[in-house]
Structure formats: C-alpha cells, structure tokens
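Worksheet: the structure to be examined is printed underneath.
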There are 2 protein chains.
Amino acid sequence: MNASMTIGQAAEASGISRKMIRYYEETGLLPPARRSESGYRYYDQAAVEQMQFIKRARDMGFSLERVGQLMSLWHDDKRHSADVKALAQQYIAELDENIAQMQAMRNELRDWVDHCHGDDRPECAIIDHLKPHAD
Amino acid sequence: MNASMTIGQAAEASGISRKMIRYYEETGLLPPARRSESGYRYYDQAAVEQMQFIKRARDMGFSLERVGQLMSLWHDDKRHSADVKALAQQYIAELDENIAQMQAMRNELRDWVDHCHGDDRPECAIIDHLKPHAD
DNA sequence: GCTTGACCTTGCCATCGTGGTAAGCTTTAC
DNA sequence: GTAAAGCTTACCACGATGGCAAGGTCAAGC
C-alpha cells in the first residue's frame with residue numbers, strides 16, 4: 001500500500017497525467033522524483049499526496065503559481081492562516097472580476113441575439129452591432 | 001480622410017495593435033495588405049473597418065475563429081440571420097457554461113474562506129480542504 | 001531464455017492570443 | 001545630412017496541457 005509506484009500508477013492515483021507530473025517536476029512544483037538505475041521515476045505515498053493536493057487546488061482553478069504557494073503554506077507548520085486566506089481571497093477577487101466581465105458580455109450579446117430575427121433574411125441585429133458604422 | 005494609412009495609423013484607428021494586425025493577416029483573418037515598394041503595409045478605410053469589426057467582436061469575447069465566421073457572414077449579402085444567431089447562441093452557451101463553472105469554484109472557495117480564521121495560527125480550513133486526507 | 005506488449009524516457013511541436021525584443025531598412029522632420 | 005520615429009521579419013515568451021516519435025526497460029507468457 002505504501003510501496004513505491006511508477007509514474008503511471010501515481011498518475012492513476014492522483015488524477016494528474018504522467019505528462020503533467022513530469023512538467024510539475026521540471027518547473028519545481030514537485031520535488032525531483034527518486035529514480036531507478038534505468039531512470040524510471042518512482043513515487044511514495046507522500047509524493048502521491050502532494051499530487052492529490054495539486055489536483056484539488058487545480059480543480060478549484062488556482063494557477064500553478066498559487067498552487068506552489070499553497071503547497072509551501074501547507075508544509076509550513078508555522079504558517080499563518082491569514083496568509084492562506086489572503087491568497088484565496090485575492091483569487092476570489094479575480095474570479096469575481098472575470099465572472100462579471102463574462103456576464104457583461106453574455107448579457108449584451110443576449111440582447112443582440114434577442115433582436116435578431118434568426119430567419120433566412122440577411123438583416124441581423126448582431127451584425128449591425130458589430131459593424132463599424134452602425135452603433 | 002479616406003487616404004491610406006500605415007499600420008501604426010490603422011492600429012490607432014482600430015484599436016488593434018500593429019502586432020495583431022500582422023498576425024491576423026498571417027492567419028488569414030485579414031486579407032494581405034497592399035504594400036509600398038519598400039514593403040510597408042498600407043490600409044484604406046475599408047481595411048480599417050474590417051479591423052474595427054474584429055475589435056468589436058473580440059471585445060465581446062468571440063474567438064478569432066468565430067470572428068472569421070462572423071466576418072464572412074458580414075460580407076455575405078445573402079447570409080441568413082439564423083446562421084449569425086446560431087453562432088452567437090452557441091457562444092452564449094459556452095459563456096454560460098464557463099460562468100457556471102467559475103461561480104461554482106468561487107462559491108465553494110468562498111465557503112472555505114469563511115471558515116478560515118485568518119489569523120497567525122496555522123490551522124486553516126482552506127488547507128484542510130485541499131489536503132488529501134482531510135475531506 | 002526469448003518475445004511481446006505495456007510502460008517508461010526525453011525532446012519537440014501545437015494550442016490561443018498577445019507581448020516583447022532585436023537587427024535592419026525607410027520615411028519623415030528638422 | 002542626420003536623427004528619430006516607424007516599418008519589416010524573425011524569433012521567444014507566457015500557462016497549462018496534449019500529442020507524437022524514437023528509443024530504452026520491465027513483466028508476463030511461452
């Protein structure tokens with residue numbers, strides 16, 4: 001159960017692709033894996049748990065850079081929860097900003113679409129809104 | 001007023017950077033520009049209007065591929081507004097999907113953040129939710 | 001022991017849209 | 001005539017991921 005795994009097994013266990021595991025190692029998000037004499041990477045349970053942490057953070061949409069910061073905090077016994085919170089709050093603020101922007105686009109476009117007949121005639125409110133002179 | 005412009009002037013007039021104008025030409029979104037003997041690109045009013053169309057569509061978040069389709073429709077006198085509408089509606093559906101996903105992440109994260117004390121102690125609900133064994 | 005298939009390695013390219021930078025040529029303004 | 005501004009092409013970079021190819025390795029079946 002605590003035996004070491006190949007990269008494929010670690011990928012399976014963590015939900016992170018082999019490709020990405022290597023990439024995370026390359027970029028320093030994961031520590032260099034232990035290698036067999038022939039060069040195969042082998043992972044222990046702790047390494048897989050790091051991957052699972054990354055998986056969860058990525059699934060929440062944290063950037064790899066922030067995931068790295070979260071991992072540092074995770075491993076820091078003397079962390080201040082305020083630092084974690086600040087990091088998360090900043091990300092939430094960015095999410096809110098992106099959501100708002102997308103909603104604004106969506107609403108305006110929705111409005112255009114509502115004014116488009118959507119038949120076989122060429123007249124189209126959407127095109128009219130995109131056209132340079134028709135605003 | 002209708003004189004030809006250099007790429008910098010066209011960029012200024014359209015809001016699209018010089019870099020992107022060249023890129024759009026390279027990828028076929030814009031037709032090859034007329035060139036001076038020395039190789040400089042020159043643009044007339046119609047070309048600038050194409051750029052303005054692109055600018056508006058990009059500002060609405062349409063992908064370059066869809067912008068290309070919209071431009072084709074714009075220039076097609078026999079277009080069916082239904083085709084434009086369908087294109088826009090598909091994009092709206094994608095926007096809605098993305099918005100929903102971001103909101104889901106945001107809401108869950110907001111919940112975690114609300115349970116984090118945010119002080120100088122290491123205990124942290126956010127870390128606990130990201131940690132493999134604490135779910 | 002040998003073959004086969006599954007797995008591993010590295011390295012390179014592609015995405016999408018944009019920005020940067022560099023080396024060199026042209027035009028414009030003084 | 002010179003300097004500055006603007007143009008050209010050709011690269012590299014981002015962020016995060018996938019794909020492919022050429023080759024080495026391991027495990028199972030015979």
Side-chain angles (χ1 to χ4, degrees), chain A residues 3-30 32-44 47-48 51 53-71 91 94-95 98 101-102 105, chain B residues 3-30 32-44 47-48 51 53-71 91 94-95 98 101-102 105:
Chain A
S4 47
M5 307 179 182
T6 64
I7 195 170
Q9 293 165 328
E12 183 72 19
S14 66
I16 292 180
S17 71
R18 273 161 293 185
K19 206 71 197 284
M20 283 301 103
I21 293 175
R22 296 193 195 99
Y23 174 67
Y24 295 162
E25 175 180 330
E26 192 185 319
T27 59
L29 186 61
L30 284 173
R34 194 164 45 83
R35 301 285 193 126
S36 72
E37 282 188 12
S38 59
Y40 279 29
R41 289 175 179 81
Y42 283 95
Y43 297 95
D44 59 18
V48 170
M51 294 178 202
F53 184 96
I54 293 173
K55 180 70 164 63
R56 295 195 184 200
R58 289 291 300 133
D59 284 350
M60 286 300 286
F62 285 102
S63 68
L64 289 184
E65 186 183 356
R66 284 209 176 104
V67 174
Q69 295 168 351
L70 287 168
M71 296 226 302
Y91 171 46
E94 288 174 15
L95 275 176
N98 288 334
Q101 199 197 343
M102 294 182 83
M105 298 190 305
Chain B
S4 44
M5 307 179 184
T6 64
I7 195 171
Q9 292 165 329
E12 183 72 18
S14 66
I16 292 179
S17 71
R18 273 161 294 185
K19 208 69 198 281
M20 284 300 103
I21 293 174
R22 296 193 194 102
Y23 175 67
Y24 294 162
E25 174 181 330
E26 192 185 316
T27 60
L29 187 61
L30 284 173
R34 195 164 46 82
R35 300 285 192 126
S36 71
E37 283 187 11
S38 60
Y40 278 29
R41 290 175 179 81
Y42 283 95
Y43 298 95
D44 58 18
V48 170
M51 294 177 201
F53 184 96
I54 293 173
K55 180 67 163 64
R56 293 194 185 202
R58 289 291 298 135
D59 284 350
M60 287 299 286
F62 285 102
S63 69
L64 289 183
E65 186 183 356
R66 284 209 175 103
V67 173
Q69 295 168 352
L70 287 168
M71 296 226 302
Y91 171 47
E94 289 173 14
L95 274 177
N98 287 334
Q101 200 197 343
M102 294 181 82
M105 296 191 306

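Lettering follows sequence order; numbering is per chain, from 1.
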- Item | Pair Leu64(A)-Tyr23(A), side-chain contact (heavy atoms from CB on, under 4.5 Å): steps then yes or no | CA-CA 11 Å; Leu64(A) 289 184; Tyr23(A) 174 67; 3.8 Å; yes

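- One can place CD of Gln9(A) at 9 Å from P of dC7(C), the figure rounded to the nearest angstrom.
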Just the atom pairs and distances: protein N or O near nucleotides 25-27 of chain D's N or O, under 3.5 Å.
residue: dT25(D); atom: O4'; partner: Tyr40(A); partner atom: OH; Å: 3.2
residue: dT25(D); atom: O2; partner: Tyr40(A); partner atom: OH; Å: 3.3
residue: dC26(D); atom: OP1; partner: Ser38(A); partner atom: OG; Å: 2.8

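- Look at Thr6(B) and you'll find a side-chain N or O under 4.0 angstrom from OP1 or OP2 of dC7(D).
- Between the CD1 atom of Ile16(A) and the CZ atom of Phe53(A) there is a distance of 11.5 Å, given to the nearest 0.5 Å.
- Between the CD atom in Gln9(B) and the CD atom in Glu12(B) there is a gap of 9.0 Å [rounded to 0.5 Å].
- At whole-Å resolution of the value, CZ in Arg22(A) and C1' in dC12(C) are 14 Å apart.
- Look at Arg18(B) and you won't find any side-chain N or O under 4.0 angstrom from OP1 or OP2 of dG6(D).
- Between Arg41(B) and dT9(D) there is a side-chain N or O to OP1 or OP2 distance below 4.0 Å.
- Between the CD1 atom of Ile54(B) and the C1' atom of dT18(C) there is a distance of 15 Å, rounded to whole Å.
- A close approach under 4.0 Å does occur between a side-chain nitrogen or oxygen of Arg35(B) and OP1 or OP2 of dT9(D).
- Here the straight-line distance linking atom CG of Leu30(B) with atom CE of Met20(B) works out to 11.5 Å at 0.5 Å rounding.
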Restricting both atoms to N or O, compile the protein contacts to nucleotides 15-18 of chain D shorter than 3.5 Å, with distance only.
residue: dA16(D); atom: OP1; partner: Leu64(A); partner atom: N; Å: 3.1
residue: dA16(D); atom: O3'; partner: Arg58(A); partner atom: NH2; Å: 2.9
residue: dT17(D); atom: OP1; partner: Arg58(A); partner atom: NH2; Å: 3.3
residue: dT17(D); atom: OP2; partner: Tyr24(A); partner atom: OH; Å: 2.6
residue: dG18(D); atom: OP2; partner: Ser17(A); partner atom: OG; Å: 3.2

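- Ile7(A) CD1 to Tyr42(A) OH: the interatomic distance, rounded to the nearest 0.5 Å, is 11.0 Å.
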